[in-house]
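The figures here come from the full heavy-atom set of this structure, side chains too, leaving out hydrogens, waters and symmetry mates.
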Amino acid sequence: MRKIQITTKGIKKSLKKFTYLQSIAEYIWNGFDAKATQVEVQTVHSELDAITEIQITDNGYGISIMELESKFTPFFESEKQVDPAVRLRNAQSATHGKNGIGRLTFHRFCSEAEWITTYQDGAINRKYKISVKEDSLDSYGIDEPETVESEAGTKVILKGITYRDINMTEIKKFLCKEFGWFLELHADKEFAIKINGERLDYSMIIGEIEYMNLRYNPTNAEFNVKYVRWDEKMNQEYSKYYFIDSEGNEKQKINTSLNNKGDSFYHSIYIQSNVFNQFDFGEVIEGQQLLFGYSRDSEEYKFLMESLNKYLREKRKPFLIKYTDVIIEDFKAVKAFPEYGKNSWDEARREELENLIREMYQVEPRIFSKLNVEQKKTFVRFLDLIMDAGEQERLFDILAGIVELNNYERAELADLLKTSRLSNIVKTIRLVQDRFKAVSDLQQIVYNEELMANEVNHVQKFIEKHYWIFGEQYHLVTAAEPKFEEALRRYVHLLTGDLIEGHIDHPDKRKEMDIFMVRWDKQIDVVRNIVVELKHPSIGLGKKQFDQVVNYLQVILNQEEFNSSQMQWEFILVGNKLDSTGYIEQLIENAANHGESSRGLVFKTGKYKVYIKTWADVFTEFEIKHKFLEEKLQLERARLSERYGHAGEIIDKLEANSASMPEEYVIQRN
């Protein structure tokens, strides 16, 4: 008996990760490593149809008795565990096994293995038998070789099957994923695996096959290309380029750039050309010139790889489109997106940002690779700021500095950013138009006496849906009816998620604010609050109305929940006109030193400001803010203004306007 260099216990420990499927695959690989073109797996069954024996036969060159020791003696002497998922591979697919270690994996599912092998010894063929038992893996027995007339080849007989869950369907599927790429590589040489006489049909895992011819015109170099997309991931083989010479011999294989992307785009590219008859696949050394043949520095090779990389990107796009859903959900899960409101403006911004991320990922997934949670948040919000500022061209320059892009990728990314900008403009047009229409309708409510508008049913209702007029990206906390204590409860719950009783100790706690809205700028940690008091168009604004707003201010000042260090408050009194007393004009003059008299500032102390505006002031501010957009969009103001018989008709159409905002915040109680 010949001895193997490590103990039976050590061998079993080293091979403990192998399954019966991986073991069978190892014996088939041993055949192909021996230059076999045909390998057949046959099963022997008991009367009860249980598998009792598996035979694996190949037409390779057999195992020479002179090389037996190297074939059955592993090169390592330690008991280090061998992982079947980590194989020693060279740059070609010819040598696969690990110098005998795979031949001992049979112990994972049977008690004995026997090899009957025929090899060529000079002018004659010799045949002999090798046997190893599961309980003595560190030794093997051999018979004396005998001269035979039969062809070279090896039959492995796996006896005493101990694993009872062997499944032929499972075996076939596993072997398809193990050998599909290899059989396709040698399809012209009629390589085959047969199982009980039936050829293994790996077409079940082929999603697509496409052939094409590439020609490098300056030298007329031709490349015959076969593209195979797999529906299943190969067991061990990455997606690769296989380079084949004019005789059909594999010369080299390298990974494509699209491995481990998580998008299920599994593929193999087989390229045959006489360019690879004389090709140096070594590292390119600057200044080194080949005397003959080609290298990776050759223009032909550069043309080939650029063409194939472009081709693969196009083939991959459907998978990227599908995978963008995963990217978006991942960003949402870590709260990478800014907090948007539910109004049409914010919905358009959110949708546009999502679309930009999807399209950027499809152009260049590397931009999104290996980002931690904070980087995801920073990157997404950076994109939002760039989009909001209309600076897509700057984004292109920044990304080009982060990720190395070739000419094709640069052009595609540039086109994407231009298209995204145009898409954003188109989606915004409707929203801006509706804002102009909303302001036109509001002007009729406050100016057209024939419409008989009143404060509660018309002015108040309208502003509840269009509170953007007083500030962008705010949440409506309360409108009209809720008392201060309910406003406090909603306010705290919106900002913190906490439910409080909301007790307020102030004589004016039962007052009702017409509009109370809040915005939390989390990036600078400032909570901005706006309280708006609306007056009937016929009422002139004077001391009485100002005192009402000051009362609101006093309630706010008296409650600690409204007065944290990062909170800022604006109180705005709005009506159609000032009364004749001149009281409001004096307040504006007295507050002029604060520099906001043009905005109607009448009082300022610390973080609190009070403004008094006429509707004319409000409309003028809107015109100034939207003047640029109006000119660019060339809105037809006359077309946007409808004629109404009553103010109620305007209120009835509020929901149809895309500029309408979400309703007031209400605590959802269990």
Side-chain angles (χ1 to χ4, degrees), residues 85 176-177 180-181 204-210 227-241 254-269 308-338 340 347 349-384 386-387 392 395-396 398-400 402-406 408-420 423-424:
C176 285
K177 295 192 293 181
W181 66 271
M204 68 175 71
I205 64 168
I206 293 179
E208 180 183 8
I209 294 184
E210 195 165 277
Y227 157 77
V228 180
R229 178 177 60 78
W230 307 100
D231 283 336
E232 300 272 357
K233 184 180 181 181
M234 298 292 101
N235 289 342
Q236 308 298 334
E237 190 80 345
Y238 288 122
S239 295
K240 291 182 180 288
Y241 294 116
I254 62 174
N255 291 346
T256 74
S257 60
L258 303 179
N259 283 281
N260 295 326
K261 302 297 186 182
D263 52 24
S264 301
F265 181 54
Y266 312 120
H267 54 280
S268 300
I269 301 285
L308 291 179
N309 286 333
K310 179 180 178 181
Y311 174 80
L312 280 180
R313 282 194 297 269
E314 290 300 318
K315 285 293 184 181
R316 187 188 180 202
K317 279 187 176 180
F319 297 87
L320 293 178
I321 292 171
K322 183 178 180 181
Y323 193 66
T324 55
D325 290 338
V326 177
I327 296 294
I328 295 297
E329 289 306 312
D330 176 55
F331 283 164
K332 288 180 178 178
V334 300
K335 301 186 184 305
F337 285 97
Y340 293 116
E347 283 295 311
R349 287 185 61 201
R350 179 194 57 76
E351 181 182 346
E352 192 63 28
L353 180 57
E354 283 191 14
N355 288 339
L356 176 63
I357 291 172
R358 291 178 187 277
E359 292 168 357
M360 284 179 62
Y361 182 83
Q362 293 168 42
V363 171
E364 186 43 71
R366 288 177 295 172
I367 295 171
F368 299 88
S369 66
K370 299 179 180 179
L371 298 177
N372 61 35
V373 171
E374 288 306 313
Q375 289 169 335
K376 289 174 183 177
K377 291 180 179 180
T378 301
F379 185 49
V380 171
R381 293 173 191 188
F382 165 74
L383 291 178
D384 183 55
I386 289 290
M387 292 283 291
Q392 282 89 333
L395 174 61
F396 171 76
I398 294 169
L399 293 178
I402 296 173
V403 179
E404 185 177 348
L405 304 172
N406 59 36
Y408 174 81
E409 291 167 336
R410 291 177 65 87
E412 192 172 14
L413 184 58
D415 288 343
L416 160 66
L417 296 175
K418 291 176 184 177
T419 302
S420 178
S423 173
N424 194 36

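I205 and C176 get closest at one heavy-atom pair: CD1-O, 3.3 Å. The heavy-atom pair separating S268 from W181 by the smallest distance is OG-CB, 4.0 Å. Of all the heavy atoms in A336 and R381, the pair that sits closest is O-NE, 3.1 Å. Minimum interatomic distance between T256 and N259 (heavy atoms only, all atoms of both residues): O-ND2, 3.0 Å. Contact record, Y241 with N255: CD1-O, 4.2 Å, taken as the closest heavy-atom pair. Taking both residues in full, the closest heavy atoms of H267 and Y227 are given as CB-CE1, 4.1 Å, listed atom of the first, atom of the second, then distance.
Within 6.0 Å of OH in Y238 there are 12 or fewer heavy atoms belonging to other residues, nucleotides or ligands.
Applying the side chain to side chain donor-acceptor pair (under 3.5 Å) criterion to K332, with sequence neighbours excluded, gives E354. Shown here are the side chain to side chain donor-acceptor pair (under 3.5 Å) partners of E232, two or more places apart in sequence or in another chain: there are none.
Rounding to the nearest 0.5 Å places OG1 of T324 at 13.0 Å from NZ of K317. We find the CD1-NZ distance between I269 and K240 to be 13.5 Å, quoted to the nearest 0.5 Å. Atom NZ in K335 sits 14.0 Å away from atom NZ in K376 (nearest 0.5 Å). Between the CD1 atom in I357 and the CZ atom in F379 there is a gap of 7.5 Å [rounded to 0.5 Å]. Note: L383 CG to F331 CZ = 8.5 Å, rounded to the nearest 0.5 Å. For the atom pair S264 OG and L320 CG, the distance stands at 11.0 Å (nearest 0.5 Å).
Side-chain atoms of R229 never come within 3.5 Å of backbone atoms of F265 as a donor-acceptor pair (strictly under, hydrogens ignored). Of the possible polar contacts, none joining the E314 side chain to the Y311 backbone as a donor-acceptor pair under 3.5 Å is found.
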Run the side-chain contact (heavy atoms from CB on, under 4.5 Å) test on D384 and F337 for me, step by step, so that the C-alpha distance in whole Å, both residues' side-chain angles and the decisive distance to 0.1 Å come before the verdict.
CA-CA 8 Å; D384 183 55; F337 285 97; over 6 Å; no
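The shortest side-chain heavy-atom distance between L312 and S239 does not fall under the 4.5 Å cut-off. Looking only at side-chain heavy atoms (C-beta outward), R358 and D325 come within less than 4.5 Å of each other.
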